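Just below is one structure, and these are the notes that go with it.
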Amino acid sequence: MSPARCHPGRAALFLLLILMALPVWADNLLIVRTHQPLASALENLKRSIREEGYDVARVDMVNIGLLGMGYTSSDYRAVFFGKAEELDELSRNYPQLVPYLPLRIAVFSEGDSTLLVTVDPSTYREFLDGAGDSAIFDRWREEISAILSRMTNR
Amino acid sequence: MKTRFGRTISMVVFLSIAWGSSAFGEPDGARLYAINCAACHGDRGDGGIGVPLSLPDFLSSVTDEYLFLTIRHGRPGRIMPSFQHLSDQQTRAIVRHIRNWAAGEPKLAAKGTPGDPRRGRDIFARHCARCHGPLGKGGTGTGVNFTRLHDQPVVAPGLNNAGFLAAASDRIIRTTLLKGRRGTPMQPAAKMGLSIQDVDDVGSYIRSFEKGLENGGGNSGAAAEPALITTSPLPFAETVERIKQAISARHQRIIREHPLDDGLSTGRAGGRKHLVIYFGNIRHINTLLTIDPRMGLFLPNRVTIMEQNDGKVVVSAVNPLRFRNLFNNANLEHTSREMHELYSAILGEVSE
């Protein structure tokens, strides 16, 4: 078990201390894999988002011209979604959140499957340093988790 | 519209999936793996953003404890998250699931003799650094996926890394060097022209990384503001013009522009004026996606111009020094600093 040759106990303790002091390399992204090609994953994602009561605002290209650079696929999209009233209210009260809104899920293909990535909404609570009403972020987390878990099952 | 009840049900379903328990009793390793690991390592451990986990040479070279500690601590700064929230029982269930992919017990090489880390350093520089990086911090990019050119299907892991060093015993490192990992670019020592003495020397050099571990590695932005924000002295339309000029002057192409709430059902929030401008430089976007495909969440670049309630015009952008902390990827350090400079310069053009 000991990671060191000479003073196993001391080295183990040392490493433990390092690991405890480690930065907030927090894992603040949610990522899931679905076994659908990108096109149908996108359709299903839009449906899942609407089922949670959101509008799909836009589906945009992220990368322009990956193919030309020797990559095997250029399938990369960002799906933006939200609720107009929520966006209006948050953007009035929390300018720090504006660049992160509307909510978005990045969608890209990997072989036959598609990966979906998004920011864990609890991150926004950290962004506001506890200011404001954080119930909305809990609800986002619940709803976005539901959207993503539905995608893994579809 | 969903009822509150319906929402509660779907949350319960999600939680029980996330928990991965078969109702009562043993945690379900396959399920836990599918939820926590498959997105990066593939459903059957064949690799993706993360390295492959199912290769026989890998599974025969590492102990259950190595797998357990790797899951627990992750690899700081190397994308692989730490899964502190999983219980010991759940973590062990995942380890058992991974073990199912290869028959037989791991066979570790015998303990070596203490090596000379200074000789090891030279060997490392000559034989290992081109893949594992000059300081052993690991290669750049992610594994098999679209952002990766196919001549390099597996990225060399960081060895100068607290998570790796805590998980790997000397015998595991020695076994990996002697055996190599067939199916990845990692060759056995003999193929690299190394003697047994060389292996022990380079092994003790890797162990010596423990002394120099910095606890940080790119976390300087922990307390940085989430957004860069400036108030423009100009009216809305002129601010937009000035921002566009600032973007073009920095060799960035404007890709699209639209109101912040474009596509949302009621639209035009409260009569305030607002506009988002997306811009970028194709080479830059592709470089970032190659380093970390998840970066697409924040690409292309974007600036938002918005009238406040009091009529003031505020320009904002994500702060790369803050959001990069979401990625656990030290290789984003440099590019995120560049992005920060770019945004600051553009916003600076309309600062009061």
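Just so it is clear, the structure is predicted and the values come from calculations on it, not from any experiment. Note on naming: letters A, B, ... go to the chains in the order of the sequence lines (proteins, then strands), and numbering restarts at 1 for each one. Just so it is clear, the values below take in all heavy atoms, side chains as well, and ignore hydrogens, waters and symmetry mates.
Here the CD1-CZ distance, from B/I49 to A/R33, works out to 8.0 Å after rounding to the nearest 0.5 Å. One distance of note links OG1 of A/T123 with CZ of B/R322; it measures 9.0 Å at 0.5 Å rounding. Distance check, rounded to the nearest 0.5 Å: CD1 of B/I35 to CG of A/L148 gives 12.0 Å. Remark: B/E225 CD to A/D129 CG distance equals 7.5 Å, nearest 0.5 Å. Expressed to the nearest 0.5 Å, how far CZ of A/F108 lies from CG of B/L289 amounts to 8.5 Å. Rounding to the nearest 0.5 angstrom, the gap separating the CD atom in A/E85 from the CG atom in B/D261 is 10.5 Å.
Side-chain atoms of A/D55 come within 3.5 Å of backbone N or O of B/S265 as a donor-acceptor pair. A donor-acceptor pair under 3.5 Å is formed between the side chain of A/Y100 and the backbone N or O of B/P226.
Residue with the most contacts toward chain A among B/A34, B/S316, B/G280: B/S316 (heavy-atom pairs, distance under 4.5 Å). When each of B/L288, B/I172, B/L297, B/T304 is checked for heavy-atom pairs under 4.5 Å with chain A, B/L297 comes out on top. Heavy-atom pairs under 4.5 Å with chain A peak, among B/M306, B/Q308, B/H258, B/R171, at B/H258.
Inter-residue side-chain proximity for A/S91 and B/R272 is flagged as met; some heavy-atom pair is nearer than 4.5 Å. For the pair B/F298 and A/V119, the minimum side-chain heavy-atom distance is below 4.5 Å. Using a 4.5 Å heavy-atom threshold, the side chains of B/R256 and A/R58 count as touching. The closest side-chain heavy-atom distance from B/L260 to A/P102 is below 4.5 Å.
Contact annotation for A/L128: neither backbone nor side-chain heavy atoms come within less than 4.5 Å of a heavy atom of chain B. For B/I229, the part sitting under 4.5 Å from any heavy atom of chain A is the side chain, from C-beta outward, and nothing else. Residue A/V107: no heavy atom, backbone or side chain, is found under 4.5 Å from chain B. With a threshold of 4.5 angstrom between heavy atoms, A/V98 approaches chain B through its backbone and through its side chain. Of the two parts of A/Y124, neither the backbone nor the side chain holds a non-hydrogen atom closer than 4.5 Å to a non-hydrogen atom of chain B.
No more than 12 heavy atoms of other residues, nucleotides or ligands sit less than 6.0 Å from atom CD of A/E89.
Smallest separation of non-hydrogen atoms from B/R302 and A/L101: NH2-O, 2.6 Å. The two residues B/L264 and A/G82 make their nearest non-hydrogen contact at CD2-O, 3.5 Å. Contact detail for B/V318 and A/P99: the closest heavy-atom pair is N-CB, 3.4 Å.
Listed by chain and residue number, nothing satisfies the ring pair (Phe, Tyr, Trp, His ring centres under 6.0 Å) test with B/Y66 (two or more places apart in sequence, or in another chain).
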